[in-house]
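Atoms considered below: every heavy atom in the structure, side chains included; atoms not considered: hydrogens, waters and symmetry mates. Owing to the predicted nature of the structure, the values given are computational and were not obtained by experimental measurement. Naming convention: chains lettered A, B, ... in sequence-line order (proteins, then strands); numbering from 1 in each chain.
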Amino acid sequence: DQQVKQNSPSLSVQEGRISILNCDYTNSMFDYFLWYKKYPAEGPTFLISISSIKDKNEDGRFTVFLNKSAKHLSLHIVPSQPGDSAVYFCAASAGNNNDMRFGAGTRLTVKP
Amino acid sequence: DTEVTQTPKHLVMGMTNKKSLKCEQHMGHRAMYWYKQKAKKPPELMFVYSYEKLSINESVPSRFSPECPNSSLLNLHLHALQPEDSALYLCASSPGGRVRYNEQFFGPGTRLTVL
């Protein structure tokens, strides 16, 4: 049962433009959401998070938006850079972050 | 030291072998995790140790046996594995404790192949 879904396995964007990565979830108990970035041969690294009491969190070029009624979140990267090319995982947890569920990931390619 | 290390990076084993995966962190984190990740799939949680006690076991077969000798170390003992257990095994840690929301720091993983 895939509780966190990333329906786009890949995304290609031109350098300098906006990248939008999407994530949907089914468990209404999830109250904390995270984005991780993964380069080949490395473990996922934490990027940005948002709790369910907010609908937006911004950190430099990265902004995460949360739409609780639609059970949808998105990660915006502006402007996109070639170094952003990686696999991005959406993750969610309910109350206790010890049990975190991941989406399948979206491979972002930023072309120079 | 702000990283999680895992050894070995690659492991090839037969179905009758016994081997162990090791994970180490020196960030003072009190929660440690094992995940399994198959190709093009999300990481799947296997075990969670909180304050060196097993707090979550996601119905993992007994051929996988976790061990947390101290707050910095986490082992995963492997015995009589099947070829379908071939995957990337990720270790992670997080501060734990009373911090409700704390991000997990991942190691680079061990690529396991079972022949």
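- Under a hydrophobic clustering in which Ile, Leu, Val, Met, Phe, Trp and Tyr are joined whenever their side-chain heavy atoms come within less than 4.5 Å, directly or via other members, Leu81(B) and Leu11(B) fall into the same cluster.
- Met100(A) places none of its side-chain heavy atoms less than 4.5 Å from the side chain of Leu45(B).
- No more than 12 heavy-atom neighbours from other residues, nucleotides or ligands sit within 6.0 angstrom of CZ on Arg17(A).
- Interatomic distance, CD of Glu103(B) versus CH2 of Trp35(A), reported as 15.5 Å (0.5 Å rounding).
- Proximity to chain A is absent for every atom of Gln6(B), based on heavy atoms less than 4.5 angstrom apart.
- When every heavy atom of Phe89(A) is checked against every heavy atom of Pro43(B), the shortest pair comes out as CE2-CD, 3.9 Å.
- Residues Met46(B) and Val4(B) do not share a hydrophobic cluster, clusters being chains of Ile/Leu/Val/Met/Phe/Trp/Tyr side chains in contact below 4.5 Å.
- Cluster annotation: Leu47(A) and Val4(A) are assigned to the same hydrophobic cluster (Ile/Leu/Val/Met/Phe/Trp/Tyr, side-chain heavy-atom contacts under 4.5 Å, transitive).
- Cluster annotation: Ile56(B) and Leu21(B) are assigned to distinct hydrophobic clusters (Ile/Leu/Val/Met/Phe/Trp/Tyr, side-chain heavy-atom contacts under 4.5 Å, transitive).
- Tyr36(A) contributes a side-chain N or O that, together with a main-chain N or O of Gln104(B), makes up a donor-acceptor pair within less than 3.5 Å.
- Of the atoms belonging to Thr45(A), not a single heavy atom falls under 4.5 Å from chain B.
- For Arg101(A), the part lying near chain B is the side chain, with the backbone staying farther off; criterion is any non-hydrogen pair under 4.5 Å.
- Within a 6.0 Å radius of NZ in Lys68(A), more than 12 heavy atoms belonging to other residues, nucleotides or ligands are found.
- In terms of heavy-atom proximity, Leu90(B) sits nearest to Gly43(A) at CD2-CA, 4.2 Å.
- Between Glu42(A) and Lys9(B), none of the side-chain N atoms (NZ, or NE/NH1/NH2) sits under 4.0 Å from a carboxylate O, so this pair counts as no salt bridge.
- Connection of Met15(B) to Leu76(B) is established within a shared hydrophobic cluster, with ILVMFWY side chains joined at heavy-atom distances below 4.5 Å, either directly or through further cluster members.
- Interface residue Gln37(B): only side-chain heavy atoms are found under 4.5 Å from chain A.
- Separation of the Phe102(A) and Tyr35(B) ring centroids falls under the 6.0 Å cut-off.
- Each of Cys90(A), Ala91(A), Pro44(A) has some count of heavy-atom pairs under 4.5 Å with chain B, and the biggest count is that of Pro44(A).
- Atom NZ of Lys38(B) has more than 12 heavy atoms from other residues, nucleotides or ligands within 6.0 Å.
- Nearest approach of Ala104(A) to Pro42(B), heavy atoms of both residues: CA-CD, 3.8 Å.
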